[in-house]
Number of protein chains: 2
Amino acid sequence: MARPKKNVACMGDAPLTKAECILVAARQVFLEAGYAAASMDAVAARANVSKATIYAHFENKRSLFEAVISGRCEETFANIGVPEDYTDARQALTHLAEHFLGLLLAPEALAIHRVVLGESPRLPEVGEAFYAAGPVRAHRLIDHLLMDLTRRGLLAVPDQEIPIAGDLFLAMLKCDLHTRALLLLPPSKYSIQMIAKVAVDMFLARYGVKG
Amino acid sequence: MARPKKNVACMGDAPLTKAECILVAARQVFLEAGYAAASMDAVAARANVSKATIYAHFENKRSLFEAVISGRCEETFANIGVPEDYTDARQALTHLAEHFLGLLLAPEALAIHRVVLGESPRLPEVGEAFYAAGPVRAHRLIDHLLMDLTRRGLLAVPDQEIPIAGDLFLAMLKCDLHTRALLLLPPSKYSIQMIAKVAVDMFLARYGVKG
DNA sequence: GTCTATATACGGATAGAC
DNA sequence: GTCTATCCGTATATAGAC
């Protein structure tokens, strides 16, 4: 059964099952406190259920955490969009850059990033799920775009070089902006638009077609 | 007094005080287990002292952790070297790139990175110390190099653009290599040398002087 | 300063009623 | 499936002897 019961305390526009309430509460607690410092009591309290109910739905703390993180990775990074039908490489790259950076700097994406990195030595499967849902997807996207632009004569990236060129392009976007955001330091003076522009300039200087 | 007592169990080439033994042990425990999951018992056991001794030297777990991390950030990132007297921009940038990447991928640097990011929401001072010891230092270095190369006519980075150009250059170097290393995934097919070469190519395409 | 022993609390997980 | 109540290990931190 997919939705066995409703829980009044968790009802919004779409009523949630108990298991869903627990997942929502667990997500908040884990992302705020980190895995080790999060307690099942805190999750139970925030979900308005008893601890025993949590253990009826999830085997233990670890598997609850894994369910939260892999589910949330998917949702958070599902929205990476593909630019379509651009006639200009600069426009396409800039669009992807700004979109990508916006996703990366969203508070919840940052929180997931922190907790996954922090726990990856103890929970390698969580690290793998994160990597598959985020970086792998992003790299597929940029590779596809670079290949398409090159095929249409708007860009000149050698076939063999596409993966590494795409990798460096995405890496440039993160830069100090991402580091500072992860550390919760006040943002630097450079905006997303500014970073995207300078990164695209550098990329096109190397791989652009002479116009 | 700087070195009040020696501890036989910790003696190596340079004898360590009890406080130093505790710091060494704490570093290992914190970097392996993470802050929350690390226990003062484990630190005491590894340092061959009693828990009470730890509390005689450090106020509590948190301040012990802060002492470990800020001290270790300094040591780990102190070795960022400045290339000197290069007559070729490519050579200077490649040298810095490979050196920088080597430091970043050292297992202990990665472990510090993980635990600092994971705990930064609860311990902002630790995040700040890390940022000052690592990224700030690296950016000062690359900025200085770019300025010098430009002044000597070997590079053409506009003055105002130096900080952001340096930022993007360092960011390129990390790329997927760093992400995978942080997540403890098997390394990708691209070597440090390969990444450095392609990054320098891209940087020079934009900011190199016509030769 | 350093130890042993302990106070005190909390966390993960379960028993058993309903 | 859900609850209340509880077991039991472990964690931070301290007391008090030496």
Side-chain angles (χ1 to χ4, degrees), chain A residues 1-11 15-69 115 118-119 122-123 126, chain B residues 1-11 15-26 28-30 32-68 115 119 122-123 126:
Chain A
M1 47 181 165
R3 330 190 98 251
K5 276 190 185 172
K6 313 299 170 63
N7 182 336
V8 177
C10 289
M11 270 182 26
L16 299 178
T17 65
K18 276 248 153 78
E20 288 166 333
C21 285
I22 293 169
L23 279 171
V24 170
R27 181 176 80 223
Q28 296 172 357
V29 172
F30 281 130
L31 292 187
E32 278 171 24
Y35 174 69
S39 78
M40 299 297 265
D41 290 274
V43 174
R46 189 152 336 183
N48 283 328
V49 297
S50 72
K51 257 196 301 186
T53 301
I54 300 180
Y55 283 98
H57 289 269
F58 299 91
E59 192 183 344
N60 51 29
K61 182 182 178 180
R62 177 179 171 141
S63 72
L64 175 58
F65 181 68
E66 288 174 354
V68 164
I69 295 298
V115 71
E119 292 304 322
R122 268 87 52 197
L123 303 173
V126 172
Chain B
M1 49 180 165
R3 331 189 97 250
K5 276 191 182 168
K6 315 297 170 61
N7 182 334
V8 177
C10 288
M11 271 182 25
L16 299 178
T17 65
K18 275 248 154 79
E20 288 166 333
C21 286
I22 293 169
L23 279 171
V24 170
Q28 297 172 356
V29 172
F30 281 130
E32 278 171 24
Y35 174 69
S39 78
M40 299 297 264
D41 290 272
V43 175
R46 189 154 333 185
N48 282 330
V49 296
S50 72
K51 258 195 298 185
T53 301
I54 300 180
Y55 282 98
H57 289 270
F58 299 91
E59 193 183 341
N60 50 32
K61 181 181 177 180
R62 176 179 170 144
S63 72
L64 174 60
F65 181 68
E66 289 174 353
V68 164
V115 69
E119 292 304 321
R122 269 85 55 195
L123 302 172
V126 172

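Chain naming here is simple, since letters A, B, ... match the order of the sequence lines and numbering starts at 1 in each.
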Most 5' of B:A56 and A:A36 on DNA chain C, judged by nearest nucleotide = B:A56

Counting side-chain heavy atoms from CB outward, which of D:dC3, C:dA13, D:dA13 is closest to A:N60?
-> C:dA13

Could a donor-acceptor pair under 3.5 angstrom be found where the side chain of A:K51 meets the base of C:dG12?
-> yes

Once you round it to whole Å, what is the distance between C1' of C:dC3 and CD1 of B:I54?
-> 13 Å

Out of C:dT14, D:dA13, C:dT2, which nucleotide sits closest to the side chain of B:Y55?
-> D:dA13

So what does A:S50 touch, heavy atoms closer than 4.0 Å: a base, only the sugar-phosphate, or nothing?
-> base

How many Å lie between CG on B:D41 and P on C:dT4, as a whole number?
-> 12 Å

With sequence neighbours excluded, residues passing salt bridge (Lys or Arg N to Asp or Glu O under 4.0 Å) with B:K51 | B:D41

Once you round it to whole Å, what is the distance between P of C:dG12 and CD of A:E59?
-> 15 Å

Reckon A:A44 touches a base, only the sugar-phosphate, or nothing at all at heavy-atom distances under 4.0 Å?
-> nothing

Could you check whether B:A37 gets within reach of a base, just the sugar-phosphate, or nothing at all, counting any heavy atom under 4.0 Å?
-> nothing

Among the nucleotides D:dA15, D:dT4, C:dT2, whichever has the atom closest to the side chain of B:K18 is C:dT2

